[in-house]
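Report on the following structure.
Every chain is numbered from 1, with letters handed out A, B, ... down the list of sequences. Because only heavy atoms are used, hydrogens play no part in the values below, and waters and symmetry mates are left out as well, while side chains stay in. Bear in mind that the values here come from a model prediction, so they are computed numbers and not experimental data.
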Amino acid sequence: MVWTYAKRTAFYLLVIGIVVESVFPFYYAIITSFKSGTSLFQVDYWPTQFSWDNYQAVFSRGSFPQNLANSIIVATLTVALALLFAVTAAYALSRVRFRGRSLLLLTILSVSMFPQIAVLAGLFEVIRTFGLFNTVWGLIFSYTIFTLPFTVWVLTTFMRDLPIEIEEAAIVDGANPWVIITRVFMPLMWPALVTTGLLAFIAAWNEFLFALTFTSSNSTRTVPVAIALLSGASQFEIPWGTIMAASVIVTVPLVVLVLIFQRKIISGLTAGGVKG
Amino acid sequence: MTTESTAPVIATVALPRATIRSELLTSRIRAAMWFLLPMIFALAVVAGWPLLRTIYFSFTNASLSNLDGAQFVGFSNYLRWTTLKSGRILWSGVLADPAWWNAVWNTVRFAVISVVLETIIGMVVALVLNAEFIGRGIVRAAILVPWAIPTIVSAKMWSWMLNDQFGIINDIMLKLHLIDHKIAWTANADTAMTAVLIVDIWKTTPFMALLILAGLQMIPKDIYEATAIDGIHPIKTFFRITLPLVRPALMVAVIFRLLDAMRIFDLIYVLTPNSAQTKTMSVIARENLIDFDKFAYGSAESTLLFLLIALVTILYIWLGRVNLAGGDR
């Protein structure tokens, strides 16, 4: 009896440990972001102050609002583009048998494994040639490299599992492939579209290497780069308060989205990773 | 009797049906080609061509300001030698660059340690989540938080927590008497890699745990009932039953993470800038490409990293036994 009690207590201690360890850094960033002045440099485990100073500073100083807008534009358009290309491609890859399909799928899978740095030099040249350097378009263009293979892959797996009878019925009714995709499959696919769209959005929202390399001015940067380069009045003074406030601003929408769609995200992650 | 009478019927019907089918098939394949074209074109422009250009640049003397006028210089970015008058041979190029080999060592060290620890911790978390208990939903939601936080943000959050003077980590460890003086985690040469590992493990263990959990949930429950009836110790059950059954999912997750860890850039760039102890291949390649204006040299380093990752990718596809053919459609 005592033994089972001890075991249960140990188990719940482990559970509490996992939860605290996961959430604490974000919690600490939030309470830091509400501190101002000298209290910032006191270690507190509980909220002691509630001041909006840091948030005001983030929005009034520098180009943070512009960076936030850039991030939203880049992530949204990247997702739209990836889904548009991926839905049609996934239909072809999952529903039509043709020679070289396996090879094509293999190529797409290997592109998703590409180290971004391997294409950095070549992409830099392409982006400069097209005149996209230091624009949000350059980022949207380059983000296709990691959003498209992933969305194609997951949507192909999803479409493969849809019953063929639906499609046959549509063909008998004289529907062409475009109608089949937009009228028959799209309504069935929205859960998969939401999942992949969300994962692609998060990937684009968080991307750093391309955003750092392909933009050069404050007004075109996205939020991650802006936060990484946020500096204080002098070189040695790091504005921790504003950094934490900016961090909380960019993270809260993501955390909310992830918690709302957690089941879908987990299934999307496992479809991309395990199921193959 | 029946076979005799139906056979001719099939023969007469089969002919027109076959032509209709093949017409339908060709039109389907044609449509499929059109549907694939935008994606193939996009991937060619954004991945295929740039990769080829990177490899090409690695054999030239290109610089940031002079990409078009780059001249072919063979393998000299990789390895070249000059014989001095004294007869000594001077090696240079990426393969003779101690900074490069240091980055290779950092990358391998980081990738191996982080993936091993993430696998072990991820397994523990997955086993916890696979058990039934009150508040399981909350735990699952909680572990998604680190995953959802952008890497740059987590790097900043942790560099604040690991701050030498005002950081909470030092405060906790001092209070618990684990250390007797404050440590400059990110700046100190001895602890920089530890700091990077802590943040990376915190950030990516959830991903690992979820992938392992998906594998665990595929194991039929009655196996465990049988072992419980036979009175087999849980630890033995884990090593003899759970681990072998979850192994395919585990292998894929491990190699997936390994590929990710080998190309790490953002966390190290932000958390420990300019620390020779943590600079990985990606970091040093970008540094040469953009910051030091050694474009060709950086391209050579990128190419080498690509080759290494390609090798592991082949391993992944081979081990993962990915079902590429799909169903019968």
Side-chain angles (χ1 to χ4, degrees), chain A residues 14-15 18-19 22-23 25-26 28-29 41 43 85 88-89 91-92 94-98 102 105-106 110-111 113-115 117-123 125-126 142 144-145 148 152 160 164 177 206 208-209 213 224 227-228 240 243 247 250-251 254-255 258-259 262 266 269-270 273-274 276, chain B residues 28-29 31-32 35-36 38-39 42-43 46-47 50-51 53-54 57 67 125 128 139 141-146 148-153 156-157 160-161 166 168 171 210-211 214 249 252 256 259 263 265-266 270 282 285-286 289-290 299 302 305-306 309 313 320 322-327 329:
Chain A
L14 182 64
V15 167
I18 292 171
V19 173
S22 304
V23 182
F26 188 46
Y28 194 63
F41 300 106
V43 176
F85 283 11
T88 52
Y91 170 79
S94 63
R95 288 291 164 159
V96 183
R97 257 184 179 279
F98 56 91
S102 300
L105 271 166
L106 199 69
S110 27
V111 172
M113 303 290 166
F114 261 32
I117 193 84
V119 293
L120 194 73
L123 257 184
E125 188 198 32
V126 171
S142 58
T144 314
I145 194 176
L148 194 53
V152 169
R160 209 151 59 190
I164 192 159
N206 296 354
F208 183 65
L209 178 59
T213 311
I227 289 178
W240 287 112
I243 289 177
S247 300
V250 297
T251 311
L254 286 194
V255 170
V258 166
L259 293 186
Q262 56 163 303
I266 291 172
L269 279 178
T270 43
V274 177
Chain B
R28 263 169 81 88
I29 289 179
F35 285 152
L36 284 172
M39 181 207 62
L43 286 184
V46 87
L51 179 68
R53 289 300 283 179
T54 303
F57 282 132
L67 287 181
V125 175
V128 166
V139 182
I143 67 158
L144 272 173
V145 171
I149 293 176
T151 311
I152 301 307
V153 169
K156 283 290 180 193
M157 272 167 29
W160 171 234
M161 286 170 57
F166 319 113
I168 193 166
D171 191 67
L210 291 174
L211 289 192
V252 174
F256 215 77
L259 287 170
R263 56 190 171 188
F265 171 80
D266 36 12
V270 174
S282 284
R286 186 190 177 276
L289 273 172
I290 310 291
S299 297
S302 306
L305 175 59
F306 169 74
I309 288 190
T313 306
V322 185
N323 180 14
L324 289 169
R329 285 160 196 144

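Most heavy-atom pairs under 4.5 Å with chain B, from the set T213(A), V250(A), V23(A), V152(A): that is T213(A). Looking only at heavy-atom pairs under 4.5 Å with chain B, the residue among L259(A), L209(A), I227(A), L254(A) that has the most is L209(A). Contact count versus chain A (heavy atoms, under 4.5 Å) is highest, among A141(B), A148(B), A32(B), P150(B), for P150(B). Across V126(A), T144(A), V255(A), L148(A), the residue that shares the most heavy-atom pairs under 4.5 angstrom with chain B is L148(A). Interface remark: of the candidates V270(B), D171(B), V125(B), L67(B), D171(B) forms the most heavy-atom pairs closer than 4.5 Å to chain A. Ranked by heavy-atom pairs shorter than 4.5 Å toward chain A, the options P38(B), A31(B), S299(B), A285(B) are led by P38(B).
Using a 4.5 Å cut-off between heavy atoms, L210(B) touches chain A through backbone and side chain atoms alike. With a threshold of 4.5 angstrom between heavy atoms, V128(B) approaches chain A through its backbone and through its side chain. When heavy atoms are compared at a cutoff of 4.5 Å, I168(B) approaches chain A by way of both its backbone and its side chain. If you measure heavy-atom distances from I143(B) to chain A, the contacts under 4.5 Å come from both the backbone and the side chain. For chain B, the nearby part of Y28(A) is the side chain; its heavy atoms alone come within less than 4.5 Å.
Residue I29(B) comes nearest to R97(A) through the heavy atom pair CD1-O, 3.7 Å, listed as atom of the first residue, atom of the second, then distance. Pairing each heavy atom of M157(B) with each of A29(A), the nearest pair is CG-CB, 3.6 Å. Taking all atoms of both residues into account, the shortest heavy-atom contact from S22(A) to A142(B) is CB-O, 3.4 Å. Of all heavy-atom pairs spanning L120(A) and T54(B), the tightest one is N-OG1, 4.5 Å. Across all non-hydrogen atoms, the minimal contact from P115(A) to R263(B) is CA-CD, 3.7 Å. Residues I117(A) and S282(B) share a closest heavy-atom pair of CD1-O, 3.5 Å.
Ring orientation note: the planes of Y91(A) and F35(B) are nearly perpendicular, at an angle over 60° on the 30°/60° scale.
Considering CD1 of I145(A) and CG of L43(B), their distance stands at 8.0 Å, rounded to 0.5 Å.
Judged by distance alone, with hydrogens and angles left aside, the side-chain atoms of T251(A) form no donor-acceptor pair with the main-chain N or O of I149(B) at under 3.5 Å.
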